[in-house]
Number of protein chains: 2
Amino acid sequence: MRILLVEDDVEVARFVKKGLQEAGHTVEQAGNGRDGLFLAASEAFDLLVLDRMLPGGVDGVRIVETLRQQDNRTPVLFLSALSGVDERVRGLKAGGDDYLVKPFAFAELLARCEALGRRPSSEAPVTRLKVADLELDLLSRTVTRAGRKIDVQPREFRLLEHLMRHAGQVVTRTMLLEKVWDYHFDPQTNVIDVHVSRLRQKLDRGFDKPLIHTVRNAGYMIRAEG
Amino acid sequence: MRILLVEDDVEVARFVKKGLQEAGHTVEQAGNGRDGLFLAASEAFDLLVLDRMLPGGVDGVRIVETLRQQDNRTPVLFLSALSGVDERVRGLKAGGDDYLVKPFAFAELLARCEALGRRPSSEAPVTRLKVADLELDLLSRTVTRAGRKIDVQPREFRLLEHLMRHAGQVVTRTMLLEKVWDYHFDPQTNVIDVHVSRLRQKLDRGFDKPLIHTVRNAGYMIRAEG
DNA sequence: AACAGCCCATGCGGATCCTGCTGGTGGAGG
DNA sequence: CCTCCACCAGCAGGATCCGCATGGGCTGTT
């Protein structure tokens, strides 16, 4: 598990970090709220262990609130010397997932960390892909744009799914042949062009902002703008 | 939120139930482990609040272990008078998600409950249906029995999905015509029989325990035994 | 200006796949 | 024993779907 520890007390930090690493986890560490928030927002962690009180204006609660506002739902465990019920309630209400009072037994911290890591959040399968106002529902095998249902053929669906899973990235023809057609050679025809064309007509016709873009000499890309 | 409370102490149970209800949740209650396990296994809850110690052999930890074994991942909060670190660690390791020691402040219990309820798990859509060793994956549109992949036609897939969504319940022909065929009248033919027959051949051939059962003059039912 | 390379759209043909009906058989229940 | 219900195999119609080829447009180069 990849864990971010934000703790200013050097002694505690070293103790916790060492223990978590010995349990087989990867630990990144920040010594103040600002750095912690930056790391948490810019990289992907499975769990955040935050000191409730931190020097320099940005404390644990502030970090959580900011992250939650950004739709970042990484589980958070608070660590704090503040033992009052009100404090605990406040930490949990702000979006924390657990609250452990110092001093604590490391075994309990570890158990609670692993309980949080057990959550399906990280392994929950994606069931809907979204690019701008275009949505693809893997479960109902349904495509909608701006709320309007669009009928799509199986092969077109696979093509669109692959494009959307790589939204914002160029997808080469070779990749499409491999992943959508299971061709491991060049069919020497314009199959791809044809299907992209059909998709375009279904998705982009009647909308001013096209989503499927051609990247000359490279492939295709799906993206909201550009 | 739909919460199951398993607690033998009448006083505590009433207190907790009342508080949770006032916070806007629906609360079912069981007074012993056996009933609690049965309820938790047979109905869908968003959260289980379990007393760690329960009379009658089936205690909280046992409940969790059993549920987890059945792939039931409903969040669990333990409530207990046992305050030792070892007890807490044991509860969490068994698959619990939080552990609160009695006596506790109700505000904290509520905050912890709601923290657990915030998880995406409760609203995560079902992507796999399972009956005995038969599995149906809605995402990949794949059927497997005992690990072996089984090819299924679209209509057969819809039929099987509908049966599995009502596993253990009789599904009438009328219901099937409505939900699987979108027929709102009686076609006067044995379409259903034919498709059920085909499904049977694919699913049950080569296995000693059939899963699809005929209920004479009623309909069909999919179930592990009986 | 002409050409080459790349990309786009449409129509068509074929093939597979799928589905629903028929009709005869088996078995359960009365 | 009889009747009704359910099962299964085969069949054929149909529809969907897919890929190819063609002709046209655009871009950038010579």
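Each chain gets a letter, A, B and so on, in the order the sequences are listed, and its residues count up from 1. Here the structure is a predicted model, which means the values were calculated and not measured.
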For B/H195 and B/W181, take the angle between the two ring planes, folded into 0 to 90°, and tell me which bin it lands in: parallel under 30, tilted 30 to 60, perpendicular over 60. perpendicular
Among C/dT19, D/dA9, D/dC7, the one nearest any side-chain atom of B/D193 is D/dC7
Are side-chain N/O atoms of A/T214 and A/R200 paired as donor and acceptor at under 3.5 Å? yes
For B/F157, which contact category applies under a 4.0 Å heavy-atom criterion: base, sugar-phosphate, or nothing? nothing
Rounded distance (Å) that lies between atom P of C/dG20 and atom CG of B/D182: 11 Å
Residue closer to the 5' end of DNA chain D, A/R216 versus A/V194 (nearest nucleotide): A/V194
Think A/R145 forms a cation-pi with A/F207, using NZ or CZ under 6.0 Å from the six-ring centre and within 45 degrees of its axis? yes
Could you state the CG-P distance from B/N217 to C/dG27, rounded to the nearest angstrom? 18 Å
Does the C/dG20 base have a donor-acceptor partner in the side chain of B/R198 within less than 3.5 Å? yes
Can you tell me how far C1' of C/dA9 sits from NZ of A/K202, to the nearest Å? 14 Å
Starting from C1' on C/dC8, measure out to CG on A/L203 and report it in whole angstrom. 16 Å
If I take atom CD in residue A/Q153 and atom C1' in nucleotide C/dC17, what distance separates them, rounded to the nearest angstrom? 14 Å
Plane angle bin for B/F185 and B/Y183 - parallel if under 30°, tilted between 30 and 60°, otherwise perpendicular: parallel
Just compare D/dC17, C/dC8, D/dA6 and give me whichever is closest to any side-chain atom of B/R173. D/dA6
Among C/dT19, C/dC8, D/dG19, the nucleotide that comes nearest once only the side chain of A/V191 is considered: D/dG19
What is the distance, rounded to the nearest whole Å, between atom CE of A/M221 and atom P of C/dC7? 14 Å
Nucleotide C/dC21, atom P - distance to CG of B/L177 in whole Å: 10 Å
If you compare every side-chain N and O of A/T189 against the phosphate oxygens of D/dC20 (OP1, OP2), does one of them come in below 4.0 Å? yes
Where the side chain of B/W181 is concerned, which of C/dG20, D/dG19, C/dA9 is the nearest nucleotide? C/dG20
Given C/dT19, C/dA9, C/dC21, which nucleotide is nearest the side-chain atoms of A/S197? C/dA9
According to a strict under-4.0 Å criterion, is A/R155 in side-chain N/O contact with OP1 or OP2 of D/dC17? no
Taking atom types as modelled and ignoring hydrogens, do the side chains of A/Y99 and B/R112 form a donor-acceptor contact shorter than 3.5 angstrom? no
Tell me whether the side-chain N/O atoms of B/Y220 come closer than 4.0 Å to OP1 or OP2 in D/dC7. yes
Look at B/H195 and C/dT19 and indicate whether a side-chain polar atom (N or O) is within less than 4.0 Å of OP1 or OP2. no
Closest nucleotide of DNA chain D for B/V196 versus for A/E156: which of these residues is on the 5' side? B/V196
Picking from D/dA21, C/dT19, C/dT10, which would you name as closest to the side chain of A/N190? D/dA21
Knowing that exactly one of A/L138, A/T142, A/L199 qualifies, which makes a side chain to side chain contact (heavy atoms under 4.5 Å, CB included) with A/F157? A/L138
Atom CD1 of A/I192 and atom P of C/dA9: how far apart are they, to the nearest Å? 15 Å
Can you find a side chain N or O atom of B/Q201 that sits less than 4.0 Å from OP1 or OP2 on D/dA9? yes
